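Input: a single structure, listed below in structure tokens.
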Amino acid sequence: VMNNVEIILCFAWQAEAKPFIELLGAKRKHQIKNFTYYSAQNIHVCIAGLGQLNMAAAMGWIQQFTNNYPVFWNVGFCGAKQKELYSWHHINKVSDANGGRDFYPEIQIEGPLPFADIITVNQPQTTSQLLQQNAALVDMEAYGFCKALQQFVSTSQIQLLKWVSDS
């Protein structure tokens with residue numbers, strides 16, 4: 001990690017986080033109920049649990065463990081109606097299915113991954129529900145992640161990376 005910038009990878013599920021925890025050699029440092037925080041030098045992992053409320057609450061909880069103006073990444077699974085299965089996407093627009101509100105992460109650099117927009121829903125979607133959504137990707141945490149962190153950090157410190165796991 002360059003310039004001692006902390007990176008915090010935030011996941012909903014243990015299964016999403018496990019490969020990263022193993023790759024980093026991260027060790028569990030803190031746990032309270034369903035929230036777990038792992039650390040490995042300047043890269044940390046937070047597991048929040050499923051849904052917007054859990055993700056938002058976990059983002060408030062982990063503020064006590066951060067310093068050096070960390071960059072938060074919401075990494076995880078999502079559904080897609082048009083994108084290829086089993087592909088990564090850098091998110092450049094996050095929408096809330098309930099209120100029609102949007103969040104735009106400030107993208108610092110363009111990388112090799114394609115950009116996509118995502119809409120956050122409160123319940124798993126059927127194929128017909130997925131096809132009715134206005135965004136390319138669908139998940140259950142992204143909007144809660146962004147809006148909670150917006151209370152603590154700038155939009156340039158809020159980033160999202162999603163893996164299309166199903167349609």
Side-chain angles (χ1 to χ4, degrees), residues 7-24 26 33-38 43-62 71-151 153 155-167:
I7 295 175
I8 302 176
L9 305 175
C10 304
F11 301 88
W13 295 343
Q14 178 75 32
E16 295 170 319
K18 185 178 179 183
F20 293 89
I21 293 167
E22 290 175 355
L23 180 68
L24 295 168
K33 294 201 173 213
N34 295 326
F35 302 154
T36 310
Y37 190 78
Y38 295 81
I43 301 178
H44 312 281
V45 174
C46 177
I47 301 170
L50 188 62
Q52 285 193 74
L53 181 58
N54 283 331
M55 185 60 75
M59 293 308 95
W61 174 69
I62 65 173
V71 176
F72 293 84
W73 283 87
N74 176 218
V75 183
F77 301 149
C78 68
K81 58 183 174 183
Q82 297 173 348
K83 300 288 180 182
E84 288 185 36
L85 283 175
Y86 317 124
S87 59
W88 286 104
H89 297 274
H90 194 163
I91 305 302
N92 60 358
K93 178 184 175 186
V94 181
S95 300
D96 178 19
N98 295 318
R101 298 166 293 201
D102 298 325
F103 177 86
Y104 296 89
E106 186 178 328
I107 306 297
Q108 295 295 315
I109 57 171
E110 283 195 41
L113 299 176
F115 288 111
D117 59 331
I118 195 165
I119 191 164
T120 299
V121 298
N122 288 331
Q123 301 291 326
Q125 302 286 283
T126 64
T127 301
S128 62
Q129 289 171 320
L130 184 62
L131 291 171
Q132 294 174 16
Q133 298 297 345
N134 292 328
L137 306 177
V138 175
D139 87 336
M140 295 177 63
E141 292 82 30
Y143 191 78
F145 170 82
C146 295
K147 292 310 285 185
L149 282 173
Q150 198 174 27
Q151 307 304 310
V153 299
T155 57
S156 65
Q157 294 167 261
I158 303 169
Q159 300 295 311
L160 301 97
L161 185 62
K162 294 294 181 170
W163 172 256
V164 179
S165 61
D166 59 87
S167 59

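Quick caveat, the model's predicted, so the values are computed rather than measured. All values below come from the heavy atoms of this structure, side chains included, with hydrogens, waters and symmetry mates left out.
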- Do Pro105 and His90 touch side chain to side chain, with heavy atoms closer than 4.5 Å? no
- Query: Taking the side chain as C-beta and beyond, is there a heavy-atom pair between Tyr143 and Ile119 under 4.5 Å?
  - Reply: no
- Compute the ring centroids of Tyr38 and Phe20, then answer whether they are less than 6.0 Å apart. no
- Query: Aromatic ring centroids of His44 and Trp73 under 6.0 Å?
  - Reply: no
- Query: Can Asn74 and Leu161 be said to form a side chain to side chain contact (heavy atoms under 4.5 Å, CB included), step by step?
  - Reply: CA-CA 6 Å; Asn74 176 218; Leu161 185 62; over 6 Å; no
- Message: Looking at Asn98, I'd like to know if its CG atom is crowded, meaning that more than 12 non-hydrogen atoms belonging to other residues, nucleotides or ligands lie closer than 6.0 Å.
- Response: yes
- Item | CH2/Trp13: more than 12 non-hydrogen atoms of other groups inside 6.0 Å | no
Side chain of [X], backbone of [Y]: donor and acceptor closer than 3.5 Å?
{"X": "Asp117", "Y": "Lys93", "answer": "no"}
{"X": "Gln125", "Y": "Gln123", "answer": "yes"}
{"X": "Glu16", "Y": "Phe77", "answer": "yes"}
{"X": "Gln129", "Y": "Thr126", "answer": "yes"}
{"X": "Gln157", "Y": "Val71", "answer": "no"}
{"X": "Gln150", "Y": "Ile158", "answer": "no"}

- Task: Using the side chain to side chain contact (heavy atoms under 4.5 Å, CB included) rule, pick out the option among Thr36, Val45, Ile21 that qualifies with Phe11.
- Result: Val45
If you look at every heavy atom in [X] and [Y], which pair is closest and at what distance?
{"X": "Ala58", "Y": "Ala48", "answer": "CB-CB, 3.5 Å"}
{"X": "Cys10", "Y": "Met55", "answer": "CB-SD, 4.2 Å"}
{"X": "Thr120", "Y": "Glu141", "answer": "CG2-N, 3.7 Å"}
{"X": "Thr155", "Y": "Tyr104", "answer": "CB-O, 4.3 Å"}
{"X": "Ser165", "Y": "Leu85", "answer": "C-CD2, 4.0 Å"}
{"X": "Tyr86", "Y": "Trp163", "answer": "O-CH2, 3.0 Å"}

- Item | Side-chain H-bond candidate by donor/acceptor type, Asp102 with Ser95, under 3.5 Å | yes
- Message: Distance alone, cut at 3.5 Å: any donor-acceptor contact between the side chains of Glu106 and Ser156?
- Response: no
First locate atom [atom1] of [X], then atom [atom2] of [Y], and finally report the distance between them rounded to the nearest 0.5 Å.
{"X": "Ile8", "Y": "Ile62", "atom1": "CD1", "atom2": "CD1", "result": "4.5 Å"}
{"X": "Phe103", "Y": "Leu149", "atom1": "CZ", "atom2": "CG", "result": "8.0 Å"}
{"X": "Phe145", "Y": "Ile91", "atom1": "CZ", "atom2": "CD1", "result": "11.5 Å"}
{"X": "Phe35", "Y": "Lys33", "atom1": "CZ", "atom2": "NZ", "result": "10.0 Å"}
{"X": "Met59", "Y": "Asn54", "atom1": "CE", "atom2": "CG", "result": "10.5 Å"}

- Checking side chain to side chain contact (heavy atoms under 4.5 Å, CB included) for the pair Val75/Trp88: CA distance, chi angles, key distance, verdict? CA-CA 10 Å; Val75 183; Trp88 286 104; 3.8 Å; yes
- For the pair Lys162 and Ile118, evaluate side chain to side chain contact (heavy atoms under 4.5 Å, CB included) and give the outcome as yes or no after the intermediate values. CA-CA 9 Å; Lys162 294 294 181 170; Ile118 195 165; 3.8 Å; yes
- Evaluate the side chain to side chain contact (heavy atoms under 4.5 Å, CB included) criterion for residues Leu160 and His89: first the C-alpha distance (whole Å), next the side-chain angles of each, then the deciding distance (0.1 Å), finally the verdict. CA-CA 8 Å; Leu160 301 97; His89 297 274; over 6 Å; no
